[in-house]
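Contents: one structure, followed by commentary.
Just so you know, these numbers use all the heavy atoms, side chains as well, and skip hydrogens, waters and symmetry mates.
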Amino acid sequence: MLLLLLIWCYLGVTFINIGFAFNKLLKLKEIDSFLTILFGMFCLTIVASFWAIFDRINYEFQLFLLLLQLLIVLRFKDELMHFYNTVFIQFKAINSTLRYFLLLSFGLILFQSSSSSYFVDNETYYVQTIKWLNEYGLVPGLANLHIFLGQTSGWHILQSVFSFSYFTNNCNDLNGFCLVFGITFSIAQLDTYFKTGNLHSLLTGLFPTLVVLLLPFSSVPSPDLAVIVISLLLFSFLIRSNEKPNPHSVTILALLAFFIVYIKISALPILLVPLLYFILHAHKKQLKTIPTLFFGVMVVVLFVTKNIILTGYPFYPSSLFAHSFPFENAIPNTLYEFWWSPSKNYGFALPQNQYSPLTTFEILLQWISESWVIRSITLMLLSLFVMVPFAISKSKNKTAFWIIYVTMIVQIVFLIFTAPQFRFLLPFLLFFGLTLLSFVLVKKTPIYISLYIGLIIASLYVLFPIALGINHNRVDFYPKSFLLSQIVLPKSNSNLQATFSKKTKGNLQYNSPDEHSYIWVTGSGNLPCVNSKQIEYFEEKLGYYPQLRGTTLAEGFYSKNATKP
């Protein structure tokens, strides 16, 4: 935990320094510390993404980052010192009850982040994705080796900057910092509510009551948590900007939305937030939009470049333009269809090969009737549709809430036609859930009780964790246990209980987990790592198996047709 605490301090300083310079570059004025940190994250993600195209993200990048920060500190020393001093004063100004809650939450998240993870996605591709970035950067055709590796996110790229793989394989906890960041923002908002009575500050200030739902995400680099936290700040800034517009409002909203989309493409409709805001305020000529267009183009270029390198599909996971611009390292269409169709079937809980013959309406009906869980969540969504407009009608800032509500509806429609998984709706469900909760919890004592009850429940989760993820019953995890070594060093990035052995297929030598392991898992196996059962299955069922494009791993992979010599 001590090492993790040190790393989090380094993350905080790094993001503030980079974000402060970013604000200066764009001439953004009166930007608070929370937005500054987010802009630091965004800027560093962009820089690291460009770096990964050409080289690995390893100690060389860390030296570059340290040099960059040194230049920033030398250039803005006095202003930075004033900024840090202001942050410290603001923290001290928070009332003691909230400050104690924040410190307890910090300790709980720190403990959870240094513990074992039970997320299956972590064992199937999170750990391996970051390993590849640390050792080789973006590798051509990497998805041919393991289809899940084509899902490399901007969040994984940012995590790779702070994995410190050249020292240890125990640092995989950017999400823990992100959750602490989100709770700190919310506590500051709640303190503002107690002092001013601003109802918008109450809404965002109640976010820590949901800590038990988000705590499991803190020990793995899941992009979902980042999307939730950044969306909370996006919605908060939207409400504030609608009350008091400033020339940079569109730019700030757009930057946050671009960051979210680069982290998770399934959140694409979130771009409606800055767009609708701009349309509604376009008559105010002082709005500045040039930086918005520049960074929008930059994110699109990075997204397309990353996808072309990894998969050969420019807009992966969509196949848009994939056949118009064929690339040598592209995954075969057969392999793409194998991954895409079952993914949609899974989302709608349909048997394999049943998706195509059904109409959208028939699919939705079968989806809703499939299980009590789906029916319960559908009922909750319908309740939100009815209750939220009523809540909006009582708000003093109706326009901002309607923008978020319309964006949520578009997001639902988008997910129906792409990847219908409810976790992709969490930013909206949590935001409007907090909106309704803010009508109930308005006095200090009930709010304090709710906060500490949530913290107690979260503590129980830490003591008695639940294995989360798809097919977790097929994956063997090491049992939960506290080791004295955790006080200094977090547990390993991977909690997969498996042994690895070297295998050979054609010109590819790879590491495979033992035979009882679930077909998709790779854990922290040495590169390249893929399950031999997966290679055998693809060769038999699809007629393809992965091969090296050259003599080194850095040259990448392609899928060889098993029927051709």
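Annotation: side chain of Ser165 is in contact with side chain of Asn58 (closest heavy-atom distance under 4.5 Å). For the pair Phe83 and Ser33, the minimum side-chain heavy-atom distance is below 4.5 Å. Using a 4.5 Å heavy-atom cutoff, the side chains of Tyr262 and Ser49 are in contact. Counting heavy atoms from C-beta on, the side chains of Arg99 and Leu102 never come closer than 4.5 Å. Side-chain contact between His200 and Gln189 is present, with at least one heavy-atom pair separated by less than 4.5 Å. Within the 4.5 Å cutoff, the side chain of Ser201 has no heavy atoms near those of the Leu190 side chain. No side-chain heavy atom of Leu233 sits less than 4.5 Å from a side-chain heavy atom of Thr204. In this structure, the side chains of Asn531 and Ser517 come closer than 4.5 Å at one or more pairs of heavy atoms.
The existence of a salt bridge linking Arg240 and Asp32 is confirmed by a sub-4.0 Å separation between a basic side-chain nitrogen and an acidic carboxylate oxygen. Contact check on Glu60 versus Arg56 returns a salt bridge, with a Lys/Arg side-chain nitrogen under 4.0 Å from an Asp/Glu carboxylate oxygen.
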message: Apply ring pair (Phe, Tyr, Trp, His ring centres under 6.0 Å) to residues Tyr125 and Trp520 and explain how you reach the verdict.
response: CA-CA 8 Å; Tyr125 75 102; Trp520 302 114; over 10 Å; no
message: Run the side-chain contact (heavy atoms from CB on, under 4.5 Å) test on Leu98 and Leu451 for me, step by step, so that the C-alpha distance in whole Å, both residues' side-chain angles and the decisive distance to 0.1 Å come before the verdict.
response: CA-CA 9 Å; Leu98 291 178; Leu451 289 176; 3.9 Å; yes
message: For Leu4 and Leu110: C-alpha separation, side-chain torsions, deciding distance, then whether side-chain contact (heavy atoms from CB on, under 4.5 Å) applies.
response: CA-CA 7 Å; Leu4 188 55; Leu110 182 66; 3.8 Å; yes
task: Report the C-alpha distance between Lys77 and Leu80 in whole Å, list the side-chain angles of each, state the deciding distance to 0.1 Å, and finish with yes or no for side-chain contact (heavy atoms from CB on, under 4.5 Å).
output: CA-CA 5 Å; Lys77 182 177 64 175; Leu80 265 175; 6.0 Å; no
- prompt: Hey, mind stepping through Asn526 and Tyr510 against side-chain hydrogen bond (donor to acceptor under 3.5 Å, both in side chains) and telling me if it holds?
  reply: CA-CA 8 Å; Asn526 293 331; Tyr510 63 97; over 6 Å; no
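Side-chain contact check for His146 and Thr522: no donor-acceptor pair (N or O, by modelled atom type) lies under 3.5 Å.
When the side-chain hydrogen bond (donor to acceptor under 3.5 Å, both in side chains) test is applied to Ser512, the partners found at least two apart in sequence or on another chain are Ser532. By the side-chain hydrogen bond (donor to acceptor under 3.5 Å, both in side chains) test, Tyr316 is found to be paired with no residue, residues two or more places apart in sequence or in another chain being considered.
Under a 3.5 Å cut-off, the side chain of Ser160 and the backbone N or O of Ile157 do form a donor-acceptor pair. Ser153 contributes a side-chain N or O that, together with a main-chain N or O of Ile263, makes up a donor-acceptor pair within less than 3.5 Å. The backbone N or O of Leu232 sits nowhere less than 3.5 Å from a side-chain atom of Ser236 that would complete a donor-acceptor pair. Remark: the backbone N or O of Gly141 is paired with a side-chain donor or acceptor of Asn144 at under 3.5 angstrom. Not a single donor-acceptor pair under 3.5 Å links the side chain of Asp55 to the backbone N or O of Tyr136. Lys533 places a side-chain N or O within donor-acceptor distance of the main-chain N or O of Glu515, the cut-off being under 3.5 Å. Judged purely by atom type and a 3.5 angstrom limit, Asp191 has no side-chain atom pairing as donor or acceptor with the backbone of Ile187. One N or O on the side chain of Gln159 and one on the backbone of Leu174 form a donor-acceptor pair closer than 3.5 Å. Of the possible donor and acceptor atoms, one in the side chain of Glu123 sits under 3.5 Å from a partner among the backbone N and O of Asn495.
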Which donor-acceptor pairs under 3.5 Å do side chains of residues 210-228 form with protein atoms, sequence neighbours excluded?
{"residue": "Ser218", "atom": "OG", "partner": "Leu215", "partner atom": "O", "Å": "2.7"}
{"residue": "Ser222", "atom": "OG", "partner": "Asp224", "partner atom": "N", "Å": "3.3"}
{"residue": "Ser222", "atom": "OG", "partner": "Asp224", "partner atom": "OD2", "Å": "3.2"}
{"residue": "Asp224", "atom": "OD1", "partner": "Arg423", "partner atom": "NH1", "Å": "3.4"}
{"residue": "Asp224", "atom": "OD2", "partner": "Arg423", "partner atom": "NH1", "Å": "2.7"}

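No close placement of the Phe258 and Phe295 rings is indicated, their centers lying 6.0 Å or farther apart. Aromatic ring centroids of Trp155 and Phe42 lie 6.0 Å or more apart.
For the ring pair (Phe, Tyr, Trp, His ring centres under 6.0 Å) criterion with Phe162, the lone passing option out of Phe15, Phe177, Phe167, Trp8 is Phe15. Screening Asp173, Asn493, Asn134 against Ser163 for a side chain to side chain contact (heavy atoms under 4.5 Å, CB included) leaves a single residue, Asn134. When the options Phe428, Phe432, Phe207, Phe185 are evaluated for a ring pair (Phe, Tyr, Trp, His ring centres under 6.0 Å) with Phe235, the one that passes is Phe428.
The minimum heavy-atom distance between Gly556 and Val139, with the atom names listed, is CA-CG1, 3.5 Å.
Few gaps surround CZ on Phe50; more than 12 heavy atoms of other groups in view lie less than 6.0 Å from it. Shown here is Phe88, whose CZ atom has no more than 12 heavy atoms of other residues, nucleotides or ligands within 6.0 Å.
Taking the six-membered ring for Trp and thresholds of 30 and 60 degrees, Phe76 and Phe20 have ring planes more than 60 degrees apart, a perpendicular arrangement. In this pair, Phe194 and Tyr448 present their aromatic rings perpendicular. The plane angle is above 60°, beyond the 30 to 60° band. Ring pair Tyr10/Phe164 is tilted by interplanar angle, where 30° to 60° counts as tilted.
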